*Asks:* 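Mind looking over this structure? Questions follow.
Keep in mind it's a predicted model, so treat the numbers as computed, not measured. Labels below follow one simple rule: chain letters A, B, ... track the order of the sequence lines, proteins then strands, and each chain is numbered from 1.
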Amino acid sequence: MPARKHTASRKRSPLSSKVQTVLGPIAPQDLGITMTHEHLLIDLGCYFEPPEGATEREWVHAPLTVKRRGGIWRRGHVNLDQMRLWDERTAVEEVSRYARVGGRAIVDTTSIGIGRDPLALARISRATGLNIIMGAGHYVPVSYPPDMDARSEESIAQGIVKDLTVSVGDTSVRAGVIGEIGLFWPMGDNERKVLGASAHAQQETGAAILIHPGFHPEAPLEIMRVLTAAGASPDRVIVGHLDYIHDMKAVRRLAETGCYLEYDTFGEEDTSFNGTAPQPVIEPNDDQRIEKLEAVTSAGYLDRLLVANDVCMKAHLVRYGGKGYAHVLENIVPRMRKRGWTQQQLDTILIHNPARALTFA
Amino acid sequence: MTTRATSRRAGTSTKKSALSGKVQTVLGPIEPSALGITLMHEHLLLDLTNYSSVPEEASKRFYMYKPIAMEDLGRHAARRYETFVDVKVLDEKAATEEVLRFKHAGGGSLVDTTSIGIARDPLALTRISRATGLNVVMGASWYVPIFHPADMGERTEHQLAEQIVRDITAGVGDTGVKSGIIGEVGNFYPMSDNERKILRASAHAQVETGAPITIHPGFHVNSPIQIVETLTKAGADPRHVVVGHLCSVMRDQGALRALAQTGVFLEFDGFGSFEDTSHIYRGMTDTVISDVQRMEMLDFLRGNGHLEQIIMCHDVCLLTHYTRYGGRGYTHVLDSIAPRMRKRGWTQQQLDTILVGNPARALTFA
């Protein structure tokens with residue numbers, strides 16, 4: 001791995017200082033307000049946990065209706081309908097709400113294994129006028145292809161580089177970010193391999209890496225160690241889902257590496273989700289998320305903060321009773337203003353940080 | 001600080017009421033041991049219209065009369081009370097079906113804390129009780145000031161106490177249905193003269209009848225202790241007072257402990273119904289905490305010797321709390337919270353204490 005170090009001084013990529021959307025490269029200043037972690041279309045069926053009891057099995061294939069809404073988060077990994085956003089028309093309607101309240105850009109962090117759909121993203125971008133940035137690389141181990149063990153770090157890196165510089169398959173649509181790279185805790189060899197490949201692809205292309213860490217306070221730091229050892233630039237890495245890290249000392253140590261700190265599950269306030277998992281994550285609410293943003297800002301890391309709603313399940317969509325892609329702009333931003341955030345600070349988080357993070361080195 | 005030692009004041013000792021040692025349901029008195037799992041703060045039917053206000057903007061007014069739809073649930077949570085629909089829980093058949101789920105989940109009883117001003121309906125409660133087989137305990141006294149009758153300023157403390165006593169001993173109006181608890185007695189913060197008057201009247205009615213009192217405090221950390229002091233000075237026994245909505249008032253462990261020291265029942269009644277924080281910046285003064293934070297507070301109280309004062313329930317009070325409108329209904333504590341608490345190390349005995357034992361003690365007439 002260290003042998004690659006010398007290649008870090010790559011030739012300047014043609015993408016350098018551009019942001020690459022599914023419709024082509026644009027200037028960073030054309031991005032506008034950006035949510036850096038959303039899913040327009042996704043299939044999280046990889047998380048399915050078959051229940052034993054008959055009445056719970058009845059939930060498996062049931063469509064999400066209003067009567068099931070109250071029980072759906074307890075069955076977040078049981079009900080298949082809940083785990084699948086694959087209706088393109090619904091996606092257009094939902095994300096249009098975000099465009100109507102001033103949103104301009106979205107990173108669709110759907111990576112390989114959970115239904116990444118380049119042509120659909122291009123259509124949604126044209127239909128809504130939104131800048132859409134597509135992801136690359138692999139999601140969590142349960143979504144890996146069966147032959148993942150046999151794949152080499154080099155071949156994975158080549159796949160990512162091709163997605164960024166040539167096209168995903170024969171679609172001619174290119175990824176604009178490496179991620180979300182999905183990891184569990186503790187990490188296995190395959191996850192370390194994917195991280196190494198992501199770092200190499202970054203060196204080759206200048207793209208940012210976006211991380212879905214395991215839900216353990218030590219996970220993000222360990223990930224940063226693996227990435228930087230493989231040659232990634234820490235200030236070109238976005239660590240997501242920090243809402244779930246409640247130890248602010250750990251967050252501070254992470255911030256010191258120079259990475260972007262992403263609080264991306266705004267609107268997720270039903271704590272029944274995962275409540276019965278063997279090691280339940282402690283679900284924060286939006287109040288605690290805002291408090292965390294304030295803690296990070298007071299520590300001097302405002303220019304590293306990113307926010308999003310991580311819409312990834314049906315109950316997140318407005319038409320299924322959720323808050324949708326517009327929640328941060330509609331509900332969180334006014335609330336932050338009331339707590340004393342200035343427009344300049346808000347612009348930093350919503351516009352300038354995403355533009356900087358997504359610009360190819 | 002009020003302490004247990006000062007709780008019973010000389011001259012207020014009541015003659016032993018005929019109800020002493022019993023719980024009074026809408027179908028008559030029963031033994032406390034017959035209650036089973038009991039939700040201490042719910043509403044089967046109610047009308048919270050006075051909380052609603054008409055927004056200025058036209059696009060928001062659109063939602064004032066629009067029937068509840070799944071696509072509006074996120075909005076209703078964020079803009080609570082910008083509707084005249086969500087606040088009217090008036091369909092008896094729907095209430096019956098919703099609460100029957102609690103019965104089937106193992107529930108035995110619930111307290112409908114609907115007090116005067118928010119559409120208390122004694123006969124409907126008897127019908128729902130018969131239809132479901134659940135024990136239903138009805139409330140008395142008055143809800144918060146914006147729901148008071150127009151002449152509340154002129155009514156005397158004595159008149160108010162007499163009416164509460166009548167509701168408990170003779171029945172509400174000509175229905176023959178009797179209240180089994182005084183409350184929820186509604187307060188704002190700071191308190192006005194009318195609220196103090198109602199609190200004192202409620203205390204007097206407790207002295208007279210031996211009935212428990214249940215409180216809706218103002219949404220300020222100082223409100224509960226102030227209310228308990230007002231009640232105790234007027235002769236109430238703090239050990240027979242339930243202070244509700246603590247999850248909307250108390251984020252401060254010190255204040256919570258101070259309140260616990262008074263001996264009152266500590267009610268965490270927003271489980272499942274009030275997890276959404278997005279309405280709170282719109283001029284609302286209540287804090288909203290998650291079920292995780294609620295359980296952390298219960299852990300804290302258990303760890304500090306206050307297990308026997310803990311009460312938990314849902315305060316179902318909006319249409320969107322019903323499962324048919326996307327809510328988690330009357331079964332969330334049994335379905336979702338109890339299993340999570342077991343995982344946090346709560347024993348079955350401890351859960352029985354807060355779901356069965358504490359409610360039975362709270363509801364038994366002195």
*Asks:* Which residue out of A:G71, A:P334, A:G322 racks up the most heavy-atom pairs below 4.5 Å with chain B?
*Replies:* A:P334
*Asks:* I'd like to check B:S109 versus B:L134 (side-chain heavy atoms, cut-off strictly below 4.5 Å). Are they in contact?
*Replies:* no
*Asks:* Between A:D270, A:I72, A:D287, which shows the greatest number of heavy-atom pairs under 4.5 Å with chain B?
*Replies:* A:D270
*Asks:* Between B:R251, B:H76, B:R342, B:R75, which residue shows the highest count of heavy-atom pairs closer than 4.5 Å to chain A?
*Replies:* B:R251
*Asks:* Pick whichever of A:L317, A:N285, A:I332 has the most heavy-atom pairs under 4.5 Å with chain B.
*Replies:* A:N285
*Asks:* Does the ring centre of B:Y81 sit less than 6.0 Å away from the ring centre of B:H279?
*Replies:* no
*Asks:* With respect to chain B, which residue among A:H327, A:K323, A:R68 yields the maximal number of heavy-atom pairs within a distance under 4.5 Å?
*Replies:* A:K323
*Asks:* Of the options A:D81, A:N79, A:T90, which is the one that meets A:K314 in a side chain to side chain donor-acceptor pair (under 3.5 Å)?
*Replies:* A:D81
*Asks:* For a 4.5 angstrom cut-off between non-hydrogen side-chain atoms, does A:W73 reach A:E283?
*Replies:* no
*Asks:* Run the salt bridge (Lys or Arg N to Asp or Glu O under 4.0 Å) test against B:K103 and tell me which residues pass, sequence neighbours left out.
*Replies:* none
*Asks:* Can you say whether B:H332 sits under 4.5 Å from chain A via the side chain, the backbone, both, or neither, judging by heavy atoms?
*Replies:* side chain
*Asks:* Measuring heavy-atom distances to chain B, does A:Q288 have an atom under 4.5 Å in its side chain, in its backbone, in both, or in neither?
*Replies:* side chain
*Asks:* Would you say A:I33 and A:Y98 make side-chain contact, with heavy atoms under 4.5 Å?
*Replies:* yes
*Asks:* Let's test your reading of the structure: which of B:Q293, B:R79, B:R328, B:R324 forms the most heavy-atom pairs below 4.5 Å with chain A?
*Replies:* B:R328
